Amino acid sequence: MLRHVLLSAAVFSLFSVNAHAARDMRQFSLKTVAEYSGFQNTGRYEEVEALCQRFEDHHPKQVRCFEYGRTPEGRRMLALAVSNTGALTPEAAKLRKIPVLLVQGGIHAGEIDGKDAGFLALREVLEGKAAAGALDKQVLLFVPVFNVDGHERFGAWNRPNQRGPQEMGWRSTAQNFNLNRDYMKADSPEMQHMLALVNAWDPLAYVDLHVTDGAQFEPDISIQVEPVHAGDAALRVAGKALRDGVLADLAKQGSDPKPFYMSFAEEDNPQSGFVDSTPNPRFSHGYFLLRNRFGVLVETHSWKDYPTRVRITRNTIVSLLSHMAQHGAAWRQTAVEADLRAMRLAGSQLPLSYKTTETSRMIAFRGYAYTRTPSEVSGALMTRYDEKTPQIWNVPLRDEIVPDLQATAPKAGYLVPCAQAKMVGAKLRQHGIAYKEMTGFFSRQNVEIFRATQVKFGAQSFEGRQTVAVQGEWQKAVRLVDRCVLYVPVNQPKARLVMALFEPRAPDSLLAWGSFNTAFERKEYMEDYVAEDVARAQLAADPVLAAQFRQKLADEPAFAKNPHARLEFFARRHASWDERLNLYPVMRVDVAPVSFMDLQGPI
């Protein structure tokens with residue numbers, strides 16, 4: 001009996017030593033919780049902090065772990081600069097003209113494939129097991145988790161339509177911002193830190209790693225790149241080459257990748273097919289085309305299990321590294337030349353948005369057998385899939401994309417009045433846009449002004465803003481320009497971004513996001529009993545106005561029946577009417593103000 005007890009104790013002691021040894025080994029390992037769990041789990045953010053430092057400790061000449069900001073909840077936002085070139089700072093990369101590839105995970109922290117796939121790819125590349133030699137020709141800037149606070153809002157059902165991991169983070173930030181709607185307005189502290197990182201490093205390509213929602217089908221990933229449908233013409237050619245190269249690599253590895261976002265044209269209806277599109281710049285890949293850089297949107301399919309999704313995302317990162325190593329120098333030169341072309345865009349007509357035409361073509365798409373029957377729960381027509389029965393769907397794809405709203409750029413630039421200069425200047429600095437604050441005094445200047453003829457406010461708050469859509473046109477005028485006006489020239493590398501911010505009808509302009517809403521709010525009114533007296537005085541004093549009023553009564557029955565409209569007819573022609581109502585505060589100029597001829601940027 002004693003012998004049995006001693007033997008058991010020895011075995012237990014050996015097991016304990018081995019367990020402790022295993023834990024000690026993990027403290028120094030470059031593997032993730034995901035790998036150790038067979039990609040059933042993902043680690044908490046403390047693992048990112050530990051791995052970031054471990055990679056630097058293991059590869060001190062090739063990796064630098066650094067903090068680029070703090071979240072609203074005080075967490076460190078971390079990035080890894082990785083290269084065999086020794087260029088581990090933005091200054092060194094810029095000086096040596098080395099292409100930078102920024103790979104970002106966890107912008108939606110429940111869609112966390114990119115974090116675990118990124119660390120896996122990074123280890124294999126550093127060990128020479130993947131993308132051999134790729135780090136000799138570029139800098140990889142890896143952000144494992146962008147939405148750090150959201151990542152730590154951990155739970156098992158944060159993504160109910162996604163297969164694994166067992167627990168994951170949350171889509172939005174601690175302040176409930178969706179970061180992939182924030183690139184233009186940059187309201188969140190996280191986005192402001194990210195833009196500062198981008199301004200410092202100027203990545204040639206910005207890769208945004210996601211997991212899609214959607215129906216059940218076989219294709220496992222989509223890769224969308226811009227410029228392809230929009231942006232600089234030469235960069236479109238390079239962007240298509242990058243996209244098609246990655247798609248080809250993934251296909252060789254057994255994936256069924258698509259170059260469009262795999263969401264049905266009609267929700268829950270497979271036979272409606274798919275519609276490709278060009279994103280507005282609130283989204284990552286729509287934003288970077290305005291900077292003359294590549295934006296790459298990677299979407300693995302939520303119905304694939306976590307091991308499959310991580311493997312495919314890892315393959316995508318490796319492919320991107322390989323293509324950047326092969327073509328990065330030439331593509332960087334194309335981007336530099338695109339910057340130079342952008343500096344000559346003043347007076348040119350540029351698209352502000354794009355649309356997909358009704359032209360379609362039939363494609364064979366690998367789906368599953370399905371039925372569509374009314375739900376006994378909701379009563380709605382619901383689609384149910386049989387994953388054991390693969391099926392080819394012959395469905396339409398609309399992928400002809402053309403410019404929609406277009407605008408002619410001013411021949412010089414934009415003027416921002418003193419009252420809005422502080423707010424607008426802060427946004428320009430966040431985006432790295434050059435501008436100058438006026439130091440002299442101008443009296444009256446020839447400018448263009450925009451007065452909205454129609455104003456429609458959003459019905460509810462969206463991303464913390466009340467959006468607004470306006471109609472109207474620029475018109476020539478003479479206006480008083482004050483001493484602290486900001487001048488923002490069009491002829492600069494980020495010319496497209498300048499127009500996207502300042503053109504009032506652009507979908508993600510400062511105006512569209514509600515930055516100037518007070519300009520479209522009426523503040524001063526004339527009481528009706530006063531308006532009645534004013535109207536009678538105007539009718540008596542101005543026979544032409546009286547004739548116009550009578551004609552309007554005869555021609556417009558709705559006007560004739562509306563007492564408010566009838567009084568406003570006269571109020572608008574009275575000296576008390578607010579001349580600034582519906583007047584966009586920003587102006588355009590065709591000649592650079594003399595005081596600004598020696599323009600220097602703020603960065």
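Remember, predicted model here, so these are calculated numbers, not experimental data. Sequential numbering from 1 along the given sequence is applied to the chain's residues.
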Query raised in the report: Any side-chain heavy atom of R243 within less than 4.5 Å of one from L247?
Result: yes

Query raised in the report: For atom CD of E473, is the number of surrounding heavy atoms from other residues, nucleotides or ligands below 6.0 Å larger than 12?
Result: no

**Report entry** Pair K476-D590, salt bridge (charged side-chain N to carboxylate O under 4.0 Å, His left out): steps then yes or no
**Finding:** CA-CA 10 Å; K476 294 188 180 299; D590 286 342; 3.5 Å; yes

Query - I107 CD1 to R181 CZ distance, which is reported to the nearest 0.5 Å - result: 9.0 Å

Requested in this report: Give the C-alpha distance, both sets of side-chain angles, the deciding distance and a yes or no for side-chain contact (heavy atoms from CB on, under 4.5 Å) between L101 and V139.
Outcome: CA-CA 6 Å; L101 175 69; V139 177; over 6 Å; no

Report summary line: Output for pair (L141 CG, D202 CG), nearest 0.5 Å, gives 11.5 Å

Query raised in the report: For S188, does its backbone N or O pair with a side-chain atom of D182 as donor and acceptor, under 3.5 Å?
Result: yes

Requested in this report: Using atom types as modelled and distance alone, determine if a side-chain donor or acceptor of S353 lies under 3.5 Å from a backbone N or O of L405.
Outcome: yes

**Report entry** 4.5 Å side-chain heavy-atom contact, P593 and Q445
**Finding:** no

Requested in this report: For the residue pair Y261 and T212, confirm or rule out a side-chain donor-acceptor distance under 3.5 Å.
Outcome: yes

Requested in this report: Name the orientation class of the two ring planes belonging to F66 and Y68 (parallel below 30°, tilted from 30 to 60°, perpendicular beyond 60°).
Outcome: perpendicular

Report summary line: Scanning both residues in full, the closest heavy-atom pair of W331 with F294 reads CB-CE1, 4.0 Å

Query raised in the report: Applying the side chain to side chain contact (heavy atoms under 4.5 Å, CB included) test to V63, which of L140, D57, L80, L135 qualifies?
Result: L80

Query raised in the report: What are the two closest heavy atoms between Q192 and A186, and how far apart are they?
Result: NE2-O, 3.0 Å

Query raised in the report: If you draw a 6.0 Å radius around NZ in K427, do more than 12 non-hydrogen atoms from other residues or ligands fall strictly inside?
Result: yes

Requested in this report: Before accepting this row, confirm whether a basic side-chain N of the pair E463/R465 lies closer than 4.0 Å to the acidic partner's carboxylate O.
Outcome: no

Query raised in the report: Do you know which two heavy atoms are closest between Q492 and P489, and how far apart they sit?
Result: NE2-O, 2.8 Å

Report task. Considering only NZ, NE, NH1 and NH2 on the basic side and carboxylate oxygens on the acidic side, decide whether E152 and R44 come within less than 4.0 Å. Result -> yes

Query raised in the report: Out of curiosity, R332 CZ to L204 CG, how far, rounded to the nearest 0.5 Å?
Result: 8.0 Å

Query - Electrostatic pair K258-D276, nearest N-O below 4.0 angstrom - result: no

Query raised in the report: What do the steps show when you test Y287 against M184 for side-chain contact (heavy atoms from CB on, under 4.5 Å), and what is the final call?
Result: CA-CA 7 Å; Y287 174 76; M184 285 290 278; 3.9 Å; yes

Query raised in the report: Does a side chain donor of either R429 or Y435 reach within less than 3.5 Å of an acceptor in the other side chain?
Result: yes

Query - Heavy-atom check, side chain of V198 versus side chain of P203, under 4.5 Å - result: yes

Query raised in the report: Is it true that K185 and D508 make a salt bridge, defined as a side-chain N closer than 4.0 Å to a carboxylate O?
Result: no

Report summary line: What one should report as the nearest heavy-atom pair of L352 and A407 is CD1-CB, 3.7 Å

Query raised in the report: Is there a donor-acceptor pair closer than 3.5 Å between any side-chain N or O of R479 and the backbone N or O of M587?
Result: no

Requested in this report: Could you tell me whether a side-chain N or O of Q420 sits under 3.5 Å from a main-chain N or O of M423, the two making a donor and an acceptor?
Outcome: no

Query raised in the report: Cut-off 3.5 Å, side chains only: do E521 and N517 have a donor facing an acceptor?
Result: no

**Report entry** Validation row: S319, L250 side chains within 4.5 angstrom (heavy atoms)
**Finding:** no

Query raised in the report: Are the side chain of N84 and the backbone N or O of G133 linked by a donor-acceptor pair below 3.5 Å?
Result: no

Report task. Decide yes or no for E226 and F283: does some side-chain heavy atom of the first lie under 4.5 Å from some side-chain heavy atom of the second? Result -> no

Query raised in the report: Roughly how far, to the nearest 0.5 Å, is CG of D339 from CG of L235?
Result: 8.5 Å

Query raised in the report: Do other residues, nucleotides or ligands put more than 12 heavy atoms under 6.0 Å from Q349 CD?
Result: yes

Query raised in the report: If only atom types and distance count, is the side chain of Y45 paired as donor or acceptor with the main-chain N or O of D149 below 3.5 Å?
Result: no

Query - Any side-chain heavy-atom pair of F502 and V490 under 4.5 Å - result: no

Query raised in the report: Do F55 and F119 have ring centres separated by under 6.0 Å?
Result: yes

Report task. I would like to know whether I223 and V298 meet side-chain contact (heavy atoms from CB on, under 4.5 Å); could you show each step before the answer? Result -> CA-CA 5 Å; I223 307 292; V298 177; 3.9 Å; yes

Query raised in the report: Is a donor on one side and an acceptor on the other found under 3.5 Å between the side chain of N280 and the backbone of G286?
Result: no

Query raised in the report: So do L428 and V416 actually touch side chain to side chain, heavy atoms under 4.5 Å?
Result: no

Query raised in the report: Can you tell me how far CG of D404 sits from NZ of K355, rounded to the nearest 0.5 angstrom?
Result: 5.0 Å

Report summary line: To the nearest 0.5 Å, atom CG of L120 lies from atom CG of D113 at 12.0 Å

Query - E503 side chain to Y584 side chain, donor-acceptor N/O pair below 3.5 angstrom - result: no

Query raised in the report: So, H210 and E111: side-chain donor and acceptor under 3.5 Å apart, yes or no?
Result: yes

Query - N/O donor-acceptor pair under 3.5 Å between S509 side chain and R505 backbone - result: no

Report task. Decide yes or no for I317 and L209: does some side-chain heavy atom of the first lie under 4.5 Å from some side-chain heavy atom of the second? Result -> yes

Report summary line: Heavy atoms of G458 and Q466 approach each other most closely as O-NE2, 3.2 Å

Query raised in the report: So V143 and M194, side-chain contact (heavy atoms from CB on, under 4.5 Å) or not? Walk me through it.
Result: CA-CA 10 Å; V143 176; M194 177 57 73; 4.3 Å; yes

Report task. Determine whether the side chains of E49 and Q53 contain a donor N or O and an acceptor N or O closer than 3.5 Å. Result -> no

**Report entry** Check: S83 side chain, A87 main-chain N or O, donor-acceptor pair, under 3.5 Å
**Finding:** no

Query raised in the report: If you measure from the Lys or Arg side-chain nitrogens to the Asp or Glu carboxylate oxygens, is any gap between R291 and D232 under 4.0 Å?
Result: no

Query raised in the report: Do side-chain atoms of R64 reach the backbone of L88 as a donor and acceptor pair under 3.5 angstrom?
Result: yes

Report task. On the 0 to 90° scale, with breaks at 30° and 60°, tag the F288-Y183 ring pair as parallel, tilted or perpendicular. Result -> perpendicular

Query raised in the report: Can you name the closest pair of heavy atoms from Y354 and G231 and give their distance?
Result: OH-N, 3.8 Å

